[in-house]
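Notes to accompany the following structure.
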There are 2 protein chains.
Amino acid sequence: MIKLEKIKSTPIPTLKRLTRYLSVIHQLKESKTDYISSTEIANIMGLDPIQVRKDLEFTGISGFPRLGFKIDDLHFAIKEILNWNNTEDAFLVGAGSLGQAILGYDRFKSCGLKIIAGFDINPELIGKKISNIEIYHINKIPNLIKRLNVKIGIICVPASSAQDVVDLMVDNGILALWNFAPIHVNVPSDIIIENAQLSQSLGILTHKLAEKIKAY
Amino acid sequence: MIKLEKIKSTPIPTLKRLTRYLSVIHQLKESKTDYISSTEIANIMGLDPIQVRKDLEFTGISGFPRLGFKIDDLHFAIKEILNWNNTEDAFLVGAGSLGQAILGYDRFKSCGLKIIAGFDINPELIGKKISNIEIYHINKIPNLIKRLNVKIGIICVPASSAQDVVDLMVDNGILALWNFAPIHVNVPSDIIIENAQLSQSLGILTHKLAEKIKAY
DNA sequence: TTTTTATCGATAAAAAAATATCGATTTCTC
DNA sequence: GAGAAATCGATATTTTTTTATCGATAAAAA
Ligand SMILES: NC(=O)c1ccc[n+]([C@@H]2O[C@H](COP(=O)([O-])OP(=O)(O)OC[C@H]3O[C@@H](n4cnc5c(N)ncnc54)[C@H](O)[C@@H]3O)[C@@H](O)[C@H]2O)c1
Ligand SMILES: NC(=O)c1ccc[n+]([C@@H]2O[C@H](COP(=O)([O-])OP(=O)(O)OC[C@H]3O[C@@H](n4cnc5c(N)ncnc54)[C@H](O)[C@@H]3O)[C@@H](O)[C@H]2O)c1
């Protein structure tokens with residue numbers, strides 16, 4: 001009987017931890033050490049070393065007994081899983097206060113994301129450059145998505161406009177959406193959507209705090 | 001043999017979905033319907049109705065066969081779990097571009113959070129008001145945390161200063177931290193910390209997009 | 001009124017994720 | 001060079017989370 005090799009894709013919880021390992025590893029790259037063990041990572045982050053090792057399995061990198069993993073290799077391999085060694089162009093819609101903060105944020109470039117244009121409906125913003133990224137009128141977006149073959153859209157418009165903007169982008173060929181509007185938007189099942197729900201994270205915090213205060 | 005009733009606290013995955021149900025329910029409050037069923041919520045959000053029902057169990061609200069759940073009751077009960085019916089005061093540190101976006105964001109008030117002051121080291125910001133919230137020098141923070149009994153701190157400083165700011169706040173009695181800096185910060189085990197890791201969410205998006213493109 | 005139907009919610013099963021065990025390996029210490 | 005110590009990684013177990021089953025219930029339809 002032939003046993004098919006089950007291709008195990010990286011679980012979401014693992015992906016989330018991998019990005020955190022990356023930031024720890026990134027800090028450590030400065031220091032002189034070449035290796036880091038699962039135990040060390042776990043200690044720094046307050047996790048279980050076994051879990052760290054299990055997660056790192058998905059990188060395909062082998063560790064060395066007594067030494068741990070080669071930092072440079074890990075760093076590269078984790079970025080590879082996240083596809084952060086390549087850079088995808090992206091459009092951002094809604095150049096308001098959050099949109100401008102994101103436009104001005106350099107770090108996403110090392111996270112595989114290059115925002116190449118912004119879009120808005122506010123005439124005062126159109127034509128302006130924010131951190132060297134030009135803002136266009138939203139009606140330019142259909143044409144530009146196709147012409148520049150942009151695959152990622154970032155939604156920073158008010159909740160009330162989010163669905164419309166999403167529809168517009170999806171209709172014109174966007175493949176993945178990063179949504180900051182605090183609302184559920186509908187997309188076809190083949191479109192990737194990630195909600196950067198800040199309120200989700202806030203909800204966990206306020207819930208835990210309430211539990212804690214209740215328990216004295 | 002006495003069987004102890006196990007007190008099951010709300011699982012984190014459930015909490016996350018609850019905040020999403022809330023936004024769906026919120027939209028529906030406008031419409032004329034008084035009830036919503038797990039099936040409807042599931043359809044809107046592309047989830048399994050059984051899972052929705054399981055999640056809603058944690059609210060303690062009973063549904064009605066054939067009708068579903070009373071929207072108003074659900075709305076209240078979910079906010080109760082998240083502790084969003086109460087409001088906690090919070091301090092925000094780092095009134096840069098992201099900090100200012102958050103300071104200007106009204107919606108967090110309905111998520112149990114009231115930011116009552118901002119802090120920075122940039123002299124140009126000190127004394128300014130952003131969305132009616134005054135910015136103070138960071139050296140005022142120890143005194144004010146204690147005097148105003150503030151429990152939540154929001155970290156919007158650069159990664160390089162995050163640990164220092166966290167330490168300062170923890171030393172002065174902060175109980176919960178909402179961290180936007182893309183870095184692992186160390187806190188004592190009794191301090192609640194939630195990382196609003198945007199790059200985590202971005203990582204999932206870029207990973208999925210790469211998988212999708214690979215698969216053609 | 002009776003029947004049909006949609007939904008709830010208790011319980012059970014399956015799947016996924018986290019945690020544990022332990023032999024193999026390799027560096028470090030003596 | 002021998003033994004001790006730390007870590008990896010394969011396998012197994014436990015826990016958590018998701019999904020399924022199905023009788024009970026109450027509104028809607030007949
Ligand atoms: N500011 C925050 O801290 C924060 C936090 C979490 C979530 N969000 C969400 O992010 C989104 C943006 O928030 P913000 O604070 O930047 O709001 P904002 O009002 O400052 O910016 C919204 C921008 O979108 C533009 N816009 C409106 N409709 C548009 C359309 N149809 N097409 C293109 N552009 C359009 C507006 O002109 C404006 O520039 C909102 O959905 C908000 O709920 C904001
Ligand atoms: N801008 C974004 O879109 C974005 C996205 C994700 C994460 N972040 C993170 O959020 C944080 C803030 O980002 P930003 O874009 O607003 O940066 P920013 O440089 O605009 O703002 C940082 C602010 O912190 C202040 N500051 C520096 N050291 C301080 C200290 N020790 N005490 C008090 N204040 C201090 C600075 O004066 C400045 O006003 C960073 O850690 C960044 O990595 C930002």
Side-chain angles (χ1 to χ4, degrees), chain A residues 3 5-21 24-25 28 32-71 73-74 77-78 81 200 204 207-208, chain B residues 3-21 24-25 28 32-71 73-74 77-78 81 200 204 207:
Chain A
K3 200 162 150 205
E5 187 71 18
K6 183 131 149 254
I7 297 146
K8 43 186 174 183
S9 65
T10 317
I12 301 291
T14 293
L15 279 179
K16 290 188 179 170
R17 284 189 297 269
L18 284 175
T19 66
R20 299 180 54 206
Y21 301 158
V24 167
I25 287 168
L28 263 73
K32 56 193 169 302
T33 48
D34 286 339
Y35 292 86
I36 187 162
S37 70
S38 57
T39 319
E40 286 172 276
I41 295 179
N43 285 344
I44 292 171
M45 303 192 21
L47 296 175
D48 188 326
I50 299 158
Q51 181 169 60
V52 175
R53 226 160 31 235
K54 205 96 193 287
D55 288 336
L56 295 184
E57 251 176 44
F58 288 92
T59 63
I61 301 292
S62 295
F64 300 89
R66 185 86 201 227
L67 284 178
F69 299 82
K70 227 177 161 206
I71 288 186
D73 291 355
L74 264 194
I78 293 177
I81 289 187
Q200 222 168 59
I204 295 170
H207 168 86
K208 285 186 182 170
Chain B
K3 200 162 149 206
L4 287 179
E5 186 71 17
K6 184 132 149 253
I7 296 147
K8 44 187 174 185
S9 64
T10 317
I12 301 292
T14 292
L15 280 179
K16 289 187 179 170
R17 283 188 300 266
L18 284 174
T19 66
R20 297 180 55 205
Y21 301 158
V24 167
I25 287 167
L28 264 73
K32 57 191 170 304
T33 50
D34 286 339
Y35 292 86
I36 187 163
S37 70
S38 58
T39 319
E40 287 172 276
I41 296 179
N43 285 344
I44 293 171
M45 302 191 23
L47 296 176
D48 188 325
I50 300 159
Q51 182 170 59
V52 174
R53 222 154 42 230
K54 204 92 196 287
D55 287 336
L56 295 184
E57 252 177 43
F58 288 93
T59 63
I61 302 292
S62 294
F64 299 91
R66 184 90 198 224
L67 285 178
F69 299 82
K70 229 179 158 206
I71 289 187
D73 291 356
L74 264 195
I78 294 177
I81 289 186
Q200 224 169 56
I204 294 169
H207 168 85

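Computed from a prediction, not measured in an experiment: that's the story for all the values here. Just so we're on the same page: letters track the sequence lines, and every chain starts at 1.
- Distances were taken from every side-chain heavy atom of B/Arg53 (C-beta onward) to each of D/dT11, C/dT7, C/dG9; the shortest belongs to C/dG9.
- Atom-to-atom distance recorded for B/Thr33:OG1 and B/Ile71:CD1 is 4.0 Å, nearest 0.5 angstrom.
- For A/Arg17, the side-chain atoms get nearest to C/dA18 when compared with the rest of D/dT19, C/dT25, C/dA18.
- Along DNA chain C, the nucleotide nearest A/Phe64 and the nucleotide nearest A/Pro11 are compared for position; the residue whose nucleotide lies closer to the 5' end is A/Pro11.
- Of the listed nucleotides (D/dG9, C/dC8, D/dT7), D/dG9 has the atom at the smallest distance from the side chain of A/Phe69.
- Looking at the side chain of B/Gln51, the nearest of the listed nucleotides D/dT19, C/dC8, C/dT19 is D/dT19.
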| query | Does the side chain to side chain contact (heavy atoms under 4.5 Å, CB included) test come out yes or no for B/Ile41 and B/Leu47, once each step is laid out? | reply | CA-CA 8 Å; B/Ile41 296 179; B/Leu47 296 176; 5.9 Å; no

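- Checked by atom type and distance alone, the side chain of B/His207 never pairs as donor or acceptor with a backbone atom of A/Leu15 at under 3.5 Å.
- The nearest pair of heavy atoms linking B/Thr14 to B/Phe58 is CG2-CD1, 3.9 Å.
- Between the side chain of A/Gln51 and the backbone N or O of A/Asp48, no donor-acceptor pair lies under 3.5 Å.
- Of the candidates C/dT25, D/dC8, D/dA12, the closest approach to any side-chain atom of A/Pro65 belongs to C/dT25.
- Along DNA chain D, the nucleotide closest to A/Lys54 and the one closest to A/Leu67 are compared, and the more 5′ of them pairs with A/Leu67.
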| note | Annotated structure of DNA chain D as dot-bracket, pair cut-off 3.5 Å, Watson-Crick or G-U only, | for inter-strand, is ||||||||||||||||||||||||||||||

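- Residue side chain A/Arg66 does not reach the base of D/dT7 through any donor-acceptor N/O pair under 3.5 Å, judged by distance alone.
- Minimum atom distance to the side chain of A/Ile50 is reached by C/dT19, of the listed D/dT25, C/dA12, C/dT19.
- Taking CG of A/Leu74 as the reference point, atom OH of A/Tyr35 lies at 11.5 Å (rounded to 0.5 Å).
- Picking from C/dA18, D/dC8, D/dT19 the nucleotide with the shortest atom distance to the side chain of A/Pro13 gives C/dA18.
- The side chain of A/Ser37 has D/dC8 as its nearest neighbour among C/dT7, C/dA17, D/dC8.
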